[in-house]
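These notes concern the structure reproduced below.
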Number of protein chains: 2
Amino acid sequence: MQLRNQVEWALHCCGLLAGLPEGRRLSTKSLADFHGVPKEYLSKALQALSTAGIVEGSLGPAGGYRLAKPPSAVSFLDIVEAVEGRRRTFACTEIRRNNPCRATDTCDMAPCTIARVMWEADEAWRERLRATTLADLAAMLGAEIPAETLRKVAAWVGARS
Amino acid sequence: MQLRNQVEWALHCCGLLAGLPEGRRLSTKSLADFHGVPKEYLSKALQALSTAGIVEGSLGPAGGYRLAKPPSAVSFLDIVEAVEGRRRTFACTEIRRNNPCRATDTCDMAPCTIARVMWEADEAWRERLRATTLADLAAMLGAEIPAETLRKVAAWVGARS
DNA sequence: GAATTAATACTCGGATATACACTGTCCGAGTTCATCGGG
DNA sequence: CCCGATGAACTCGGACAGTGTATATCCGAGTATTAATTC
C-alpha cells in the first residue's frame with residue numbers, strides 16, 4: 001500500500017513548473033535531467049497530468065510542458081489523483097454477503113460499517129491534500145532553500161526553456 | 001495504491017471476535033466459512049494479528065483465536081498496521097539530491113518539503129483510524145444489523161466455539 | 001527577398017520486458033485434547 | 001478405576017505457483033519549429 005514513484009516525480013515536476021516564467025516551457029528531457037529520473041517513464045506521469053488538465057504540453061522543438069492553471073488552483077490532491085487514479089484506498093468486496101446467517105432477502109442496505117470508517121479515513125487524507133496548493137509549495141520552498149541555490153535553478157531553467 | 005484484501009478480512013474477523021462470549025474461541029476454519037474466504041490465506045492475516053498482539057491463538061482441537069485485549073483497546077489502525085505494515089503511504093526517494101544546481105556540500109537538511117505535506121496527510125488518515133475502536137464498531141453493528149440476524153449469528157458462533 | 005521544401009526536435013501512444021507484491025494453495029511439524037486399551 | 005498410548009483436530013510456518021501491477025525501455029507516428037533551398 002504505497003503510492004507510486006511517479007507521484008513523487010509528478011509533484012516535484014509541478015513544483016518546478018510553478019516557478020517557471022510566464023510563457024516558458026520545460027521539455028520532458030529537461031525535467032528528467034533535473035530530477036535524475038528516466039525520461040521515457042517520467043513522460044507517462046506528465047501525460048497523466050496533461051490528461052487531467054493540470055499541465056499542457058506542446059509539440060515540436062521548443063515544445064514542452066507548463067502549468068495549465070495558476071499554481072494556487074492546483075492542489076496536491078489533483079496531482080496525486082491524476083497520476084494514481086481516483087480509486088479509494090480501501091476496497092469493500094462486500095464479504096458480509098457471504099454471512100451464512102444473513103437473510104437472503106436483505107435488500108442492499110447502507111454501505112458496510114467497516115467500509116464507512118475506512119472511507120472516512122480516506123476522506124481525511126484527501127482533505128489534507130486538497131488543502132495545500134502549488135502556490136503554498138512554492139512559498140515553502142522559497143523559505144527553505146538557500147538563495148544561492150534558487151538563483152542557480154532559475155539560471156538553469158532559463159537556459160533550457 | 002490500495003489496501004490488501006486481507007485488511008478487510010482482518011477487520012471483519014476482529015468485529016466478529018469482539019462479540020465472542022468470554023473464554024470462547026473461533027477457529028480459522030470457522031472464520032473463513034463465515035466470511036466465505038479461503039482458510040489458508042485468511043490464516044496469514046490472523047497470524048499477523050497474532051504477532052501484533054491483537055488476537056491470541058491456541059493450538060489443538062477446540063483451539064482458535066480470540067481477542068488478546070478488550071475491544072475498546074484495539075483501534076482500526078492497530079489492525080490495519082498489523083496486516084499492512086507500518087510503512088508510510090508516501091515514500092520519499094530524495095530525488096532533490098539529483099538536482100544539478102544543488103550545492104554538493106549541503107548537509108542533509110529537514111525532510112523534503114513535498115514529503116512533509118504527504119506525510120501530514122498520512123498522519124490525518126492514521127489519526128482517523130486511531131479514533132475508532134472495535135468497541136465502537138460493535139456498537140455500530142448492533143445498531144445497524146437486524147435483531148433477527150444478530151440472534152442467528154450468536155447461535156452460529158455458539159455452536160462453533 | 002519571399003515562398004516552398006527539407007530537416008530537426010519534440011510529444012504522444014502503443015508494444016514489450018522485467019521485477020516484485022498480492023493472492024491463493026499445499027504440506028509438514030508441532031501442540032493439545034479426546035479416546036482407547038492395558039494394568 | 002487409573003494411567004499411558006494412540007489418534008484426531010487444530011495452529012503455525014515455510015515453500016511454491018499464478019496473476020496482476022509497477023517500473024522501465026524502445027520505437028514509430030504525428031506535429032511544430034527551424035533551416036535550407038529554390039524562384
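All heavy atoms count here, side chains included; hydrogens, waters and symmetry mates do not. Every chain is numbered from 1 and lettered A, B, ... according to where its sequence line falls, protein lines coming before strand lines. All values derive from a computational prediction rather than experimental measurement.
By the side chain to side chain donor-acceptor pair (under 3.5 Å) test, D122(A) is found to be paired with T89(A), R126(A), residues two or more places apart in sequence or in another chain being considered. Every residue meeting the side chain to side chain donor-acceptor pair (under 3.5 Å) condition with Q47(B), not counting sequence neighbours, appears here in chain and number order: S43(B). Take A18(B) and apply the side chain to side chain contact (heavy atoms under 4.5 Å, CB included) test, not counting sequence neighbours, and it matches L67(B), P71(B), L134(B). Qualifying side chain to side chain donor-acceptor pair (under 3.5 Å) partners for E56(B), counting only residues two or more places apart in sequence or in other chains: R66(B). In this structure, the side chain to side chain contact (heavy atoms under 4.5 Å, CB included) partners of P70(B), at least two apart in sequence or on a different chain, are S72(B), A73(B). Remark: W119(B) pairs with no residue by the ring-ring contact (aromatic ring centres under 6.0 Å, His included) rule, at least two apart or across chains.
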Polar-atom pairs under 3.5 Å, protein N or O versus N or O of nucleotides 4-6 of chain D: list them with distances, or write none.
none

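Rounded to a whole Å, the CD atom of Q2(A) is 18 Å from the C1' atom of dG20(D). In this structure, the CD atom of Q47(B) is 13 Å from the C1' atom of dG30(C), given to the nearest Å. The nearest whole Å value for the distance from the CZ atom in R160(B) to the P atom in dA9(D) is 14 Å. Atom pair N5(B):CG and dT25(C):P shows a separation of 12 Å (rounding to whole Å applied).
A ring-ring contact (aromatic ring centres under 6.0 Å, His included) check over residues 137-161 of chain A, counting only residues at least two apart or in different chains, returns the pairs F34(A)-W156(A). Pairs passing the ring-ring contact (aromatic ring centres under 6.0 Å, His included) check and including a residue from residues 73-102 of chain B, sequence neighbours excluded, do not occur.
Side-chain N/O atoms of T28(A) include one lying less than 4.0 angstrom from OP1 or OP2 on dT11(C).
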Start with the C-alpha distance between R88(B) and E123(B), add both sets of side-chain angles, then the distance that settles salt bridge (Lys or Arg N to Asp or Glu O under 4.0 Å), and finish with yes or no.
CA-CA 9 Å; R88(B) 275 189 271 221; E123(B) 189 48 41; over 6 Å; no

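Closest approach to the S27(A) side chain among dG13(C), dA22(D), dC10(C) is made by dC10(C) (side chain taken as heavy atoms from C-beta onward). Candidate nucleotides dA15(D), dA9(C), dT23(D) were compared by shortest atom distance to the side chain of K44(B), and dA15(D) ranks first. The side chain of L59(B) approaches dT32(C) more closely than any other nucleotide in the set dT32(C), dG14(D), dT23(D).
Here the CG atom belonging to L20(A) is positioned 5.0 Å from the CG atom belonging to L26(A), to the nearest 0.5 angstrom. Note that CD of E94(A) is 6.0 Å distant from SG of C112(A), once rounded to the nearest 0.5 Å. Here CG of L129(B) is found 9.5 Å from CD of E127(B). Values are rounded to the nearest 0.5 Å.
Taking every heavy atom of residues 34-42 of chain A and every atom of DNA chain D, pairs under 4.0 Å involve P38(A), E40(A), Y41(A), by number. At a non-hydrogen distance threshold of 4.0 Å, nothing from residues 80-90 of chain A comes into contact with DNA chain D. Within residues 7-25 of chain B, the residues approached by DNA chain C to less than 4.0 Å at the level of any non-hydrogen atom are W9(B), in residue-number order.
A donor-acceptor pair is defined here as one N or O able to donate and one able to accept, closer than 3.5 Å; no such pair exists between the side chain of Q6(B) and the backbone of K44(B).
Between the side chains of D33(B) and S30(B), no donor-acceptor pair is found at a separation under 3.5 Å.
Mapping T51(A) and G60(A) onto DNA chain C by nearest heavy atom places G60(A) closer to the 5' end of the strand.
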